[in-house]
Amino acid sequence: MTVTLYQLPYSHYSSKVKIVLAEKGIPFEAPAITFAWPSSPEGLAVNPLGKVPFLVDGDVRLGESEVIAEYLEDAYPEPALLPVDVRQRAKSRWLSRFHDLYLGPQLTTLYVALSDGRAQQPGFGQEVDRLYELLALLESQIEPAPYFLGEQFTLADASFALSYVYIVMLSGAHGRPVDEARDMPKLSRWYAAVSQRPSVAKVIDAAKAALSGS
Ligand SMILES: N[C@@H](CCC(=O)N[C@@H](CS)C(=O)NCC(=O)O)C(=O)O
């Protein structure tokens with residue numbers, strides 16, 4: 001049975017799912033779609049919420065990156081991407097939720113503001129302050145060794161991989177580039193390890209190529 005993933009190469013949420021698929025060795029098809037597709041009549045017929053990623057696996061049809069990732073973990077358990085220990089599992093989920101509900105949307109706000117003129121409006125600097133607050137919070141919650149939950153690569157690691165690239169890129173584009181050693185020493189140590197994984201390197205290369213229009 002073919003797994004189909006509707007995705008955009010530069011979407012941090014889509015990248016999470018592609019990393020999970022790659023880590024588990026699940027082949028999939030990814031129809032070529034544009035940024036406008038999710039909210040087009042065609043896209044809404046696939047996902048009425050008008051968002052990607054969206055996964056079709058037989059009669060299973062799912063949106064929301066973390067729901068998709070957890071479905072893949074349950075349906076294709078090897079290799080495991082959630083720890084066995086219940087406290088560690090909860091921590092992985094907490095980090096993923098932090099990404100999807102706080103850091104990810106903040107990065108989207110900063111990204112969109114570059115093209116819709118908001119970045120030039122008075123007071124927009126607060127949105128960059130908020131990014132720095134979220135980074136400080138994240139730093140206080142992690143102790144990479146080398147991944148978030150130790151030696152096991154988990155769904156939480158997949159969640160943040162492309163977002164790291166956006167943190168660096170968008171803080172610079174808004175004129176307040178992160179100093180990786182000062183502002184996110186633990187996260188940058190984590191990224192040095194995580195970006196070595198072929199699953200992560202592949203989605204990051206694809207995202208960078210899409211962003212540069214190549
Ligand atoms: N919480 C959702 C967020 C998905 C999301 O915001 N996707 C963006 C791409 S990064 C999208 O589809 N945007 C198209 C639109 O809003 O029209 C998830 O984790 O999957």
Side-chain angles (χ1 to χ4, degrees), residues 3-24 26 28-57 60-75 81-82 92-119 127 130-131 134 138 148 154-171 173-174 194 199-200 202-213:
V3 174
T4 302
L5 180 69
Y6 295 89
Q7 60 90 38
L8 289 164
Y10 42 78
S11 150
H12 37 356
Y13 306 106
S14 299
S15 295
K16 176 204 305 195
V17 175
K18 284 185 289 178
I19 291 169
V20 172
L21 287 163
E23 289 285 338
K24 290 181 177 290
I26 305 168
F28 65 99
E29 284 177 359
I33 59 169
T34 62
F35 182 71
W37 184 87
S39 55
S40 70
E42 251 190 324
L44 290 170
V46 172
N47 179 6
L49 290 175
K51 300 281 181 201
V52 294
F54 192 85
L55 182 94
V56 180
D57 184 12
V60 175
R61 303 176 65 82
L62 291 173
E64 288 299 319
S65 59
E66 194 62 14
V67 175
I68 298 170
E70 291 240 5
Y71 161 75
L72 293 171
E73 177 68 0
D74 289 340
L81 296 180
L82 278 174
S92 175
R93 289 177 170 131
W94 189 92
L95 286 169
S96 290
R97 205 56 66 95
F98 171 80
H99 175 271
D100 292 356
L101 296 182
Y102 299 92
L103 182 67
Q106 194 61 22
L107 292 170
T108 302
T109 297
L110 295 178
Y111 184 82
V112 173
L114 291 174
S115 52
D116 72 1
R118 253 191 91 196
E127 299 292 356
R130 180 66 180 148
L131 173 66
L134 292 171
L138 184 58
F148 287 141
T154 68
L155 300 185
D157 298 296
S159 297
F160 284 83
L162 181 58
S163 288
Y164 186 94
V165 175
Y166 278 117
I167 292 167
V168 173
M169 189 183 102
L170 292 169
S171 62
H174 285 279
V194 99
S199 65
V200 171
K202 192 172 170 196
V203 297
I204 286 174
D205 286 351
K208 285 182 174 169
L211 287 167
S212 69

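In listed order, ligands and their atoms are each counted from 1. What you see is a predicted model; the values in this text were computed from it and never measured. Just so you know, residue 1 is the first one in the sequence shown, and it goes up from there.
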side-chain contact (heavy atoms from CB on, under 4.5 Å) evaluation trace for Ile26 with Leu72: CA-CA 9 Å; Ile26 305 168; Leu72 293 171; 4.0 Å; yes
One line per pair, note the atom names and distance for all nitrogen or oxygen contacts under 3.5 Å between ligand 1 and the protein.
unit_1   : atom_1 : unit_2 : atom_2 : d
ligand 1 : 1 (N)  : Glu64  : OE1    : 2.8
ligand 1 : 1 (N)  : Glu64  : OE2    : 3.4
ligand 1 : 7 (N)  : Val52  : O      : 2.8
ligand 1 : 12 (O) : Val52  : N      : 2.8
ligand 1 : 12 (O) : Val52  : O      : 3.4
ligand 1 : 16 (O) : Lys51  : NZ     : 2.7
ligand 1 : 19 (O) : Ser65  : N      : 3.3
ligand 1 : 19 (O) : Ser65  : OG     : 2.7
ligand 1 : 20 (O) : Ser65  : N      : 2.9

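Under the side chain to side chain donor-acceptor pair (under 3.5 Å) criterion, the residue pairs touching residues 44-57 are Asp57-Tyr71, Asp57-Tyr76, with sequence neighbours excluded. For residues 108-118, the pairs satisfying salt bridge (charged side-chain N to carboxylate O under 4.0 Å, His left out) are Arg118-Glu127, with sequence neighbours left out. Screening residues 38-49 for salt bridge (charged side-chain N to carboxylate O under 4.0 Å, His left out) gives no qualifying pairs among residues at least two apart or on separate chains.
For Tyr102, the OH atom counts as loosely surrounded, since its 6.0 Å shell holds 12 or fewer non-hydrogen atoms of other residues, nucleotides or ligands.
Two rings, from Phe160 and Phe148, have their centers less than 6.0 Å apart.
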